[in-house]
Amino acid sequence: MALDDFDRALIAATQRGLPLVPRPYDAVGAQLGVSGAQVRERLAQLLDTGLVRRIGAVPNHYRLGFVANGMSVWNVDDDQVDALGERIGQIPGVSHCYRRPRRLPAWPYNLFAMLHGRTRAEVEQQAVQLAQLLGSACHGHDILYSTAILKKTGLRLNTPTVPTTPHTSES
């Protein structure tokens, strides 16, 4: 399925984020000359077809006062990691949780959960709670604290570049 002109306009209108208003889809629709319901419907279709993989909120944790952000990494039994990861992903304070392959022998961790707190002690207390939930399936963990704020971006349309000089071959 290819993008049409409306899809391109919709992506361009949302690629820097939805407007911070009570009814953001209505605001985008007004900009595009359609209803908010039509915006939601088309975005749902783009999700269903896979042209858009997900729509999500990307909070700035630092601006919200959460300055101690740590990626907790866990060495969890492979036969339990998916079920336990699902449970951990539901815990308040965990913004995202996912499985990754181990890189043995140096990196035994296969479950990652991002924790957010106002202090490192708060993050470490959250890690204690995760360790309790993981129980005997957990064989070690660590917390890797953020040292820089990385710019997060959403969907962007790529425009093809046109060479400024023609390519020629010599015979």
Side-chain angles (χ1 to χ4, degrees), residues 1-74 81-101 103 109-120 122-123 126-127 129-130 143-168:
M1 180 177 196
L3 295 176
D4 62 22
D5 289 341
F6 178 75
D7 295 332
R8 291 183 184 286
L10 177 58
I11 292 169
T14 58
Q15 69 184 2
R16 293 203 187 331
L18 292 174
L20 297 176
V21 297
R23 301 185 60 89
Y25 294 114
D26 290 346
V28 171
Q31 182 181 344
L32 300 175
V34 299
S35 71
Q38 288 170 294
V39 169
R40 286 190 307 276
E41 180 181 313
R42 185 60 188 148
L43 287 172
Q45 291 168 349
L46 292 172
L47 283 166
D48 288 342
T49 62
L51 286 173
V52 171
R53 289 189 311 181
R54 66 185 171 124
I55 298 172
V58 181
N60 183 325
H61 298 96
Y62 289 90
R63 290 184 66 193
L64 296 172
F66 294 93
V67 295
N69 304 297
M71 177 61 73
S72 63
V73 293
W74 304 85
V81 68
D82 291 332
L84 290 169
E86 287 285 333
R87 290 178 60 196
I88 287 175
Q90 302 301 315
I91 295 174
V94 175
S95 63
H96 50 284
C97 179
Y98 48 90
R99 181 180 190 171
R100 286 284 189 252
R103 299 290 183 225
Y109 307 111
N110 60 342
L111 182 64
F112 293 46
M114 190 69 189
L115 305 175
H116 302 280
R118 289 183 170 80
T119 65
R120 284 190 176 200
E122 198 175 303
V123 170
Q126 292 173 10
Q129 293 171 349
L130 268 61
I143 303 173
L144 312 172
Y145 286 97
S146 300
T147 58
I149 301 173
L150 303 176
K151 182 179 177 183
K152 299 175 183 177
T153 60
L155 175 65
R156 299 284 186 266
L157 286 177
N158 290 330
T159 54
T161 57
V162 179
T164 54
T165 56
H167 176 73
T168 58

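- Among all heavy-atom pairs drawn from D4 and D7, the shortest one is OD1-N, 2.8 Å.
- Checked against side-chain hydrogen bond (donor to acceptor under 3.5 Å, both in side chains), Y145 has the following partners two or more places apart in sequence or in another chain: E124.
- The aromatic rings of H116 and H96 are tilted relative to each other, their planes meeting at an angle between 30° and 60°.
- The side-chain hydrogen bond (donor to acceptor under 3.5 Å, both in side chains) test applied to E41 returns no partner, not counting sequence neighbours.
- Residues forming a side-chain hydrogen bond (donor to acceptor under 3.5 Å, both in side chains) with S35 (at least two apart in sequence, or on another chain): Q38.
- L115 is not listed as a side-chain neighbour of N69, based on a closest heavy-atom distance of 4.5 Å or more.
- Of all heavy-atom pairs between V28 and P19, the closest is CG2-CD, 3.8 Å.
- The two residues L111 and I88 make their nearest non-hydrogen contact at CD2-CD1, 3.8 Å.
- A distance of 8.0 Å separates CE in M71 from OG in S146, rounded to the nearest 0.5 Å.
- Listed by chain and residue number, nothing satisfies the side-chain contact (heavy atoms from CB on, under 4.5 Å) test with A30 (two or more places apart in sequence, or in another chain).
- Here CG of L47 is found 10.5 Å from CZ of R42. Values are rounded to the nearest 0.5 Å.
- Contact between A113 and L130 at its shortest, heavy atoms only, is CB-CD2, 4.0 Å.
- In this structure the side chain of T14 never reaches within 4.5 angstrom of the side chain of I55, judged on heavy atoms.
- Minimum heavy-atom separation, I143 to G70: CG2-CA, 3.9 Å.
- Within the 4.5 Å cutoff, the side chain of Y25 has heavy atoms near those of the L43 side chain.
- Listed here is the closest heavy atom pair of L18 and P24: CB-CB, 4.0 Å.
- How far CG of L46 is from CZ of R53: 14.0 Å, rounded to the nearest 0.5 Å.
- Looking at residues two or more places apart in sequence or on another chain, you find a side-chain hydrogen bond (donor to acceptor under 3.5 Å, both in side chains) between R99 and D82.
- Sorted by first and then second residue, the salt bridge (charged side-chain N to carboxylate O under 4.0 Å, His left out) pairs involving residues 18-33 (not counting sequence neighbours) are R23-D26.
- The shortest distance between side-chain heavy atoms of F6 and V34 falls below 4.5 Å.
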